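These notes concern the structure reproduced below.
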Amino acid sequence: MRETELILNSDGSIYHLALHPGELAKRIFFVGDQDRVEKVGQYFDDIEFVRRKREFCTLTGSYLGDRISVISTGIGTDNIDIVWNEIDALFNLSFSTRYPNARAQRLKVIRLGTCGGMQADVPVDSLVLSAYALGADGLMPFYDVPPLTGRGALFEHQWQTFLQATGLNVNVYAAQGSRHLTKLVEDLFPNILTGITFTANGFYGPQGRTLGRVSVKWPNLPERLATFALPEQKLRVLNMEMETAGILGLGRALGHEAGSLSVILANRGTGKFSETPAASVDYLIRTGLEVMRNWQ
């Protein structure tokens with residue numbers, strides 16, 4: 001592998017994250033906001049280190065005896081592409097030979113993020129786990145990945161049928177979260193809703209949002225997407241954000257287990273925004289820590 005593929009800093013760390021092999025735990029939280037890294041870390045028993053480079057802030061420590069890392073990704077799947085590939089390289093590539101290690105390691109990753117709700121009957125401050133995601137961000141079509149199977153394949157087929165029936169001409173790929181994590185949440189965490197997440201490649205127009213200076217092509221995008229459902233799995237499109245499909249899709253392609261846990265701060269159906277966003281994010285973090293602790 002050439003130096004322009006696996007790029008290392010002068011101290012031997014991976015290019016963007018500035019991390020060395022061994023510094024990350026095999027259980028990792030992705031958060032968008034740098035400030036949220038230490039909000040997660042405040043609940044740790046101890047902290048090994050905190051490191052910052054660009055928008056990427058990394059913390060590794062322990063929570064109730066489990067070694068865990070937290071990484072800020074910034075906004076969007078363009079950064080998810082960087083973070084996932086460099087994390088995988090830290091575990092599964094030899095930095096000296098630039099070849100894959102003989103035995104691949106599998107990681108457990110959960111996104112802790114905020115989102116907009118898509119269903120009027122799901123109130124703000126609710127927690128959502130993404131069983132599946134619909135990616136309009138454009139990341140995964142650049143990768144040659146194995147097709148979804150089983151329920152995932154059915155989900156993808158039903159989505160394509162929905163697009164044809166509704167005429168919603170949006171180029172979207174399908175992604176699936178860790179089945180083990182989804183079952184764990186359904187069995188042990190009744191306070192978390194399980195559903196489908198729409199991942200957009202922007203906050204305003206790509207989510208059907210406008211401030212009035214320029215019109216959008218699909219101003220009713222949230223309402224149209226909210227009608228898609230998987231009745232046999234009792235799943236609806238519950239939320240909209242900007243990272244989940246890339247986290248699930250690329251994580252699966254690299255052989256890892258990934259999930260996305262979000263708190264709804266804005267309900268697009270009712271137009272209501274959370275009155276307690278800071279408390280809701282703290283609730284998300286504390287719940288996420290318990291989910292990770294139970295994910296064996």
Side-chain angles (χ1 to χ4, degrees), residues 1-34 36-37 49 51-60 68-113 130 133 135-148 173-178 181 197 199-201 241-260:
M1 186 182 302
R2 295 183 294 180
E3 293 182 2
T4 52
E5 306 302 312
L6 175 60
I7 305 174
L8 303 178
N9 297 310
S10 59
D11 65 351
S13 63
I14 195 79
Y15 185 59
H16 294 94
L17 300 182
L19 297 173
H20 297 85
E23 291 188 319
L24 285 180
K26 295 177 72 173
R27 295 169 178 263
I28 303 171
F29 287 114
F30 286 175
V31 297
D33 186 354
Q34 293 185 50
R36 197 174 300 153
V37 172
F49 72 90
R51 185 167 305 143
R52 295 177 183 268
K53 185 179 180 184
R54 305 189 186 193
E55 60 265 60
F56 307 115
C57 177
T58 303
L59 178 154
T60 294
I68 297 175
S69 294
V70 190
I71 299 179
S72 64
T73 65
I75 297 175
T77 57
D78 49 350
N79 283 350
I80 296 302
D81 180 62
I82 292 170
V83 172
W84 248 138
N85 277 289
E86 294 198 0
I87 286 175
D88 182 76
L90 287 163
F91 283 91
N92 292 317
L93 293 181
S94 166
F95 282 20
S96 58
T97 67
R98 296 178 181 272
Y99 283 101
N101 297 328
R103 184 174 182 179
Q105 298 188 64
R106 171 174 281 193
L107 310 178
K108 287 181 168 65
V109 168
I110 301 177
R111 170 191 183 263
L112 298 177
S130 307
D137 53 279
L139 174 63
M140 292 311 296
F142 285 92
Y143 288 94
D144 185 13
V145 299
L148 296 177
Y173 63 88
Q176 184 173 14
S178 165
L181 180 60
T197 298
T199 297
N201 62 346
E241 46 74 87
M242 297 176 60
E243 291 85 33
T244 291
I247 292 171
L248 304 188
L250 192 51
R252 175 176 176 269
L254 289 167
H256 304 299
E257 290 199 68
S260 180

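These numbers were taken from a predicted model, which means no experiment stands behind them.
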> Nearest heavy-atom pair of Gly74 and Asn79: which atoms, and what distance?
Replying inline: CA-ND2, 3.8 Å
>> Could you tell me if the side chain of Tyr15 sits less than 4.5 Å from the side chain of Ile82, heavy atoms only?
In response: no
> Taking C-beta and beyond as the side chain, do Val70 and Leu112 meet within less than 4.5 Å on heavy atoms?
Replying inline: no
> At their closest point, which heavy atom of Pro141 faces which heavy atom of Tyr173, and how far apart are they?
Replying inline: CD-CD2, 3.8 Å
> So, do Arg36 and Phe29 sit near enough that their side-chain heavy atoms are less than 4.5 Å apart?
Replying inline: no
> Should Glu243 and Thr199 count as side-chain neighbours, where that means a heavy-atom distance under 4.5 Å?
Replying inline: no
> Looking only at heavy atoms, which two atoms of Val37 and Cys57 are closest? And how far apart?
Replying inline: CG2-O, 3.6 Å
> Sub-3.5 Å donor-acceptor pair from the side chain of Ser94 to the main-chain atoms of Thr97, do we have one?
Replying inline: yes
>> When you measure from the side chain of Asn92 to the backbone of Pro100, do you find a donor-acceptor pair of N or O atoms at a distance under 3.5 Å?
In response: no
> If you look at every heavy atom in Ser260 and Arg111, which pair is closest and at what distance?
Replying inline: OG-CD, 3.2 Å
>> To check you understand the geometry: which heavy-atom pair defines the closest contact between Ser72 and Gly32, and what is its length?
In response: CB-O, 3.9 Å
>> Do Glu23 and Leu90 make a side-chain contact, defined as non-hydrogen atoms from C-beta onward lying under 4.5 Å apart?
In response: no
> More than 12 heavy atoms of other residues, nucleotides or ligands under 6.0 Å from CD1 of Ile75: is that the case?
Replying inline: no
> Distance under 6.0 Å and angle within 45° of the ring axis: does Arg51 meet both against Phe49?
Replying inline: yes
> With a 4.5 Å limit on heavy-atom distance, are the side chains of Asp88 and His256 in contact?
Replying inline: yes
> What's the shortest heavy-atom distance between Ala258 and Ile247, and which atoms?
Replying inline: CB-O, 3.7 Å
> How many angstroms lie between atom NZ of Lys53 and atom NE2 of His16, to the nearest 0.5 angstrom?
Replying inline: 7.0 Å
>> Is it the case that the side chain of Asp11 and the backbone of Ser13 share a donor-acceptor pair, with hydrogens and angles ignored and the cut-off at 3.5 Å?
In response: yes
>> As an exercise, state the distance from CG of Leu19 to OG1 of Thr58, rounded to the nearest 0.5 Å.
In response: 4.5 Å
> Does Arg252 have any side-chain contact (heavy atoms from CB on, under 4.5 Å) partners at least two apart in sequence or in another chain, and if so, which?
Replying inline: Pro146, Leu148
> If you count the non-hydrogen atoms of other residues, nucleotides and ligands that lie under 6.0 Å from CD in Glu3, is the total more than 12?
Replying inline: no
> Are Thr73 and Trp84 close enough that some pair of their side-chain heavy atoms sits under 4.5 Å apart?
Replying inline: no
>> Return the NZ to CZ distance between Lys26 and Phe91, rounded to the nearest 0.5 Å.
In response: 7.5 Å
> Are Ile87 and Phe30 side-chain neighbours, meaning at least one heavy-atom pair lies under 4.5 Å?
Replying inline: yes
> In this structure, are over 12 heavy atoms from other groups packed under 6.0 Å from Tyr143 atom OH?
Replying inline: yes
> Above 12 or not: heavy atoms from other molecules or residues under 6.0 Å from CG of Asp144?
Replying inline: no
> If you measure only the distance, is there a donor-acceptor pair under 3.5 Å linking the side chains of Glu257 and Ser178?
Replying inline: yes
> Hey, does the side chain of Thr77 reach the backbone of Gly138 with a donor-acceptor pair shorter than 3.5 angstrom?
Replying inline: no
> Atom CG of Leu250 and atom CE of Met140: how far apart are they, to the nearest 0.5 Å?
Replying inline: 5.0 Å
